[in-house]
Amino acid sequence: MVKFEELNTLNPITWCGGCGDFSMLLCLKKAIVELNLEKEEVLCVSGIGCSGKVPYWINTYGFCGLHGRPLPVATAAKLTNHKLTVLAMGGDGDGYAEGTSHFIHAARRNIDITYIVHDNQVYGLTKGQASPTSDKGFLTTSTPNGVLEMAINPIALALSAGATFVARSYAGMQQHLIEMIKEAVKHKGFAFIDVLQPCVTYNYKNTYQWYQAKVYDLQKEKHNTSSLTKAFEKALEWDDHEKTKIPIGIFYQAGRDTFEEDHGQIKKLPLVKQEINKIDITPLLKQLQ
Ligand code: SF4
C-alpha cells in the first residue's frame, strides 16, 4: 500500500501561502493512504483554476482537463477501467459555471466516481472575479458594486440531480475532510463533496475564523442521511450566508445501481481488459453502407 511520502511530487507548489488548497491536498493524500490504495489504482482528474493544479502535486495517475470539464474525463476513465478509483477535482467557478451540466448529468447517471469541489466562492486563478457561489453583494473585480445574482446552492443542486452521496466539508477541519473523502470513495455511485476552501487572497469575507465560528457537524447532530427531505432542509439552511450556521458532513446517502453496473458491454469486464480488436464490426459497417 502506498506511503504518504510516495504521493509527493517534486513539482514546486504555486498556491498562495495560507490557501485552503494546501490542506485539501494533504487530506486527499492522507485519505488515499488510509484507504490502503496503491498509487497506480488512483486517477486524479482536474479542470482549470487553482484547484486544477492538484494532479501536478500528487503522485498518482493524473489528467488536467479543460475548464469545467473534469467530469467528462473522469467518466470516460471510469467506464474504460471501472477498477480504477477516479477522483475528479474542480472549483466553484470551474464546476458550477462551465461545468454545471456535466455535474448534473454525472450525478443522475450515478457513475462510481468521487467529485471534490474546492469552493472558495470566488475565481482565484484569474484574479478575483465573482463565481457562481459568491454571495449577493460580494465586491469583486468583476462586480465593483456587488454581485447582483443569488448564489448557487451546490448541495441542493446535487440532491435534485440524483447524486447518491452528497456531503460538505471544510478545509480547516482536516480530520473531517479526510473522513468525508474516505466515505465518498467507499460509496458505490456518484459521490460529491463541496469543500469550503478559504481563498486568502481574493475572498475577504470567508476567512478561517469566519468558517470556524459557523460550521457544525451534521453527524454529531444525528442527522438522518437516508432522508432526501431532511437533506434538502439542511441544504437550504445556508441560504442566508450571513445569519445562519453552516452544516458540514454527509447530507444524503442512498444505494442505487451505478451506470457501469447497468451497462451491458462493461459490467463483467472493464473495457480496458476486453479484446476489442477481436470484435467484428463488419455487419455494422454493412448496415451503414
Ligand atoms: Fe488559493 Fe486564492 Fe491563491 Fe488561488 S488565489 S491559490 S484559491 S489563495
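Numbering of ligands and ligand atoms starts at 1, following listing order. Below, each value reflects all heavy atoms present in this structure, side chains not excepted, and no hydrogens, waters or symmetry copies. Residue numbers run from 1 in the order of the sequence given. The shown structure was predicted, so the numbers you read here are calculated from the model rather than taken from an experiment.
Using a 4.0 Å cut-off between charged nitrogen and carboxylate oxygen, Glu98 and Arg69 do not count as a salt-bridge pair. A salt bridge is absent between Glu41 and Lys83; no separation between the charged side-chain nitrogens and carboxylate oxygens falls under 4.0 Å.
Close approach to Cys50 involves these atoms of ligand 1, each under 4.0 Å from a residue heavy atom: 4 (Fe), 5 (S), 6 (S), 7 (S). Per-residue contacts place Tyr202 under 4.0 angstrom from the following atoms of ligand 1 (heavy atoms of the residue considered): 5 (S). Near Gly124, with a cut-off below 4.0 Å to any heavy atom, the atoms of ligand 1 are 5 (S). Listed by number with element, the atoms of ligand 1 under 4.0 Å from a non-hydrogen atom of Cys16 are 3 (Fe), 5 (S), 6 (S), 8 (S). The ligand atoms of ligand 1 that sit less than 4.0 angstrom from a heavy atom of Gln197 are 7 (S). Atoms of ligand 1 lying under 4.0 Å from at least one heavy atom of Thr201, given by number and element, are 3 (Fe), 8 (S). Close approach of ligand 1 to Asn120 (heavy-atom distance below 4.0 Å) involves ligand atoms 7 (S). Each of the atoms 8 (S) of ligand 1 lies under 4.0 Å from some heavy atom of Val200.
Not a single heavy atom of His118 sits closer than 4.0 Å to an atom of ligand 1. Put simply, no part of Leu125 is less than 4.0 Å from ligand 1, judged by heavy atoms.
If you run side-chain contact (heavy atoms from CB on, under 4.5 Å) between Val195 and each of Asp119, Ile116, Asp92, only Ile116 comes through.
Smallest separation of non-hydrogen atoms from Asn110 and Phe190: OD1-N, 2.8 Å. Residues Ile155 and Phe192 share a closest heavy-atom pair of CD1-CE2, 4.2 Å. Nearest heavy-atom pair across Glu38 and Met1 is OE2-N, 3.2 Å.
Atom OH of Tyr208 has more than 12 heavy atoms from other residues, nucleotides or ligands within 6.0 Å.
The heavy atom nearest to atom 2 (Fe) of ligand 1, considering only Cys19, Gly91, Cys199, is found in Cys199.
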Go through Asp135 and Lys205 one step at a time and tell me if the salt bridge (charged side-chain N to carboxylate O under 4.0 Å, His left out) criterion holds. CA-CA 10 Å; Asp135 288 336; Lys205 286 178 73 180; 3.0 Å; yes

